[in-house]
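When a ligand or atom number is given, it counts from 1 through the structure's own listing order. Heavy-atom basis, side chains included; hydrogens, waters and symmetry copies ignored. For this chain, numbers begin at 1 and follow the sequence in order.
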Amino acid sequence: MSYETKLLTSERCDIELAARLLANGEVVGIPTETVYGLAADATNEIAVSNIFKAKGRPQDNPLIVHLSDLCDLEKYVKNVPEIAYKLAERFWPGPLTMVLQKKDIIPYVTSAGLDTVGIRIPVHKTAREIIRLSGKALAAPSANLSGSPSPTTALHVYNDMRGRIPAIVDGGSCGVGVESTVISFEGDGIRLLRPGYISLELLQEVCGTVYHDKGITEAVSENEKVLSPGMKYKHYSPKANITIIKGNIEQFSDYVNKNHNENTYSLIFDSDKAYIKGKYLTYGDSSEEQAKKLFFVLREFDELGAKQVYVRCPSSIGVGLAVYNRLLRAAGFEVIKL
Ligand code: TXA
Ligand code: MG
């Protein structure tokens with residue numbers, strides 16, 4: 001089906017309209033604090049399969065289910081470990097997704113055949129209000145076409161989803177800029193499946209032991225079994241070839257200044273500008289800024305027609321691990337160590 005995609009505001013009447021569309025089983029683009037989501041009623045199989053269609057997403061990649069209130073948690077999941085409540089107390093509402101045992105009310109199309117489901121309560125006011133007014137739990141993957149960088153503005157969603165969904169709610173640009181941290185529970189500890197704004201260091205403060213999924217910093221082959229199916233896919237990719245360069249700014253600038261041509265760009269820290277002769281975009285100096293700008297600049301490279309992008313490797317501490325993880329996947333794990 002082809003839609004005339006409406007761009008809605010965050011005004012009350014538009015939020016109510018979005019909530020009505022969702023209650024009626026439609027797919028709507030919504031803002032969250034991390035990235036924009038492509039939302040639909042998580043308990044409605046047809047609505048959820050329309051998310052997969054709109055995104056062109058592989059059927060074996062499960063969706064995150066968004067709630068507006070902790071009181072609703074046990075309607076959708078069972079056997080919630082005590083430590084999950086401790087994490088909820090500290091980090092919800094916020095950019096943390098917990099993988100828990102699903103109840104039958106969540107259909108297998110939402111969990112991609114798994115007996116578990118990822119749950120999160122976003123802190124974004126408009127997102128929570130839309131969920132609350134719809135009266136539904138909302139399944140929502142990032143609102144990009146599968147394989148392209150996650151959207152951090154309503155315009156990004158519009159560019160990818162025009163004609164594919166009835167409406168997008170504009171909530172401004174996303175404050176965090178990378179997707180939520182995803183964790184699962186293992187024995188008395190937790191496992192980090194996807195790094196995000198809630199960092200490994202913060203999780204360790206609450207949980208002590210945090211295991212790592214291999215896919216965070218290493219390539220995983222298509223046939224390998226991984227705990228987070230999303231980790232299998234090349235992701236977050238602009239059209240340009242992305243290469244991560246590890247080294248100090250002298251080594252980095254030597255390398256890119258020698259290798260630059262008309263279609264080559266660098267992605268550098270703000271403080272690197274003076275060293276670079278060719279074309280570049282910057283993504284800030286702190287990990288928080290880099291997280292916020294990363295997907296935005298990856299989309300900008302497409303608009304500029306970049307063919308090759310050399311990236312100054314970010315720190316992998318705190319939210320930096322999420323930035324590094326997304327870049328590794330955008331680069332198809334192509335890293336040059338100088
Ligand atoms: O910040 C976010 O999480 C955004 C916003 C819209 O909330 N959503 C998002 O969804 O990033 P998506 O579908 O693009 O990524 C979901 C990730 C995938 O890597 C998926 O494999 C993992 O979560 N995941 C979901 N359910 C899971 C489950 N039951 N077991 C393991 N991993 C799961
Ligand atoms: Mg995604």
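Grouping Ile, Leu, Val, Met, Phe, Trp and Tyr residues whose side-chain heavy atoms lie under 4.5 Å apart, directly or via other members, leaves Y108 alone, with no other cluster members.
Salt-bridge formation is detected for the pair E205/R90: a Lys NZ or Arg NE/NH1/NH2 atom is positioned less than 4.0 Å from an Asp or Glu carboxylate oxygen. Salt-bridge check for E129 with R132: passed, with a basic side-chain N closer than 4.0 Å to an acidic carboxylate O.
Ligand 1 places these atoms under 4.0 Å from at least one heavy atom of A140: 6 (C), 8 (N), 10 (O). Ligand-side atoms of ligand 1 in range of L114: 28 (C), 29 (N), 30 (N), range being under 4.0 angstrom from any heavy atom. Applying the 4.0 Å criterion to heavy atoms of G37 picks out, from ligand 1, the atoms 6 (C). The distance from ligand 1 to the heavy atoms of T116 drops below 4.0 Å at these ligand atoms: 28 (C), 29 (N), 30 (N).
Between the side chains of R326 and S150, no donor N or O sits under 3.5 Å from an acceptor N or O. Under the 3.5 Å distance criterion, with hydrogens and angles disregarded, a donor-acceptor pair is assigned to the side chains of R194 and S180.
In this structure, P95 has no heavy atom closer than 4.0 Å to ligand 1. Using a 4.0 Å heavy-atom cutoff, H66 is listed among the residues neighbouring ligand 1. Ligand 1 has no atom lying under 4.0 Å from any heavy atom of E33.
Judged by distance alone, the side chain of S266 and the main-chain N or O of Y280 form no donor-acceptor pair under 3.5 Å.
Among the atoms of N144, no N, O or S atom is found under 2.8 Å from the Mg ion (ligand 2).
The shortest N or O to N or O distance between S142 and ligand 1 is under 3.5 Å. The N/O atoms of N61, backbone and side chain alike, include one that comes under 3.5 Å of an N/O atom in ligand 1. Between Y36 and ligand 1, no N or O atom pair is found at a separation short of 3.5 Å. Considering backbone and side-chain atoms together, T32 places no N or O closer than 3.5 Å to any N or O of ligand 1. Residue R57 places at least one N or O, backbone or side chain, under 3.5 Å from an N or O of ligand 1.
Screening residues 296-320 for side chain to side chain donor-acceptor pair (under 3.5 Å), with sequence neighbours left out, gives D160-R299, N241-Q308, T243-Q308, D272-R312.
Annotation for Y283: atom OH counts as buried by contact number, over 12 foreign heavy atoms lying within 6.0 Å.
One distance of note links CG of L22 with CD of E26; it measures 8.5 Å at 0.5 Å rounding.
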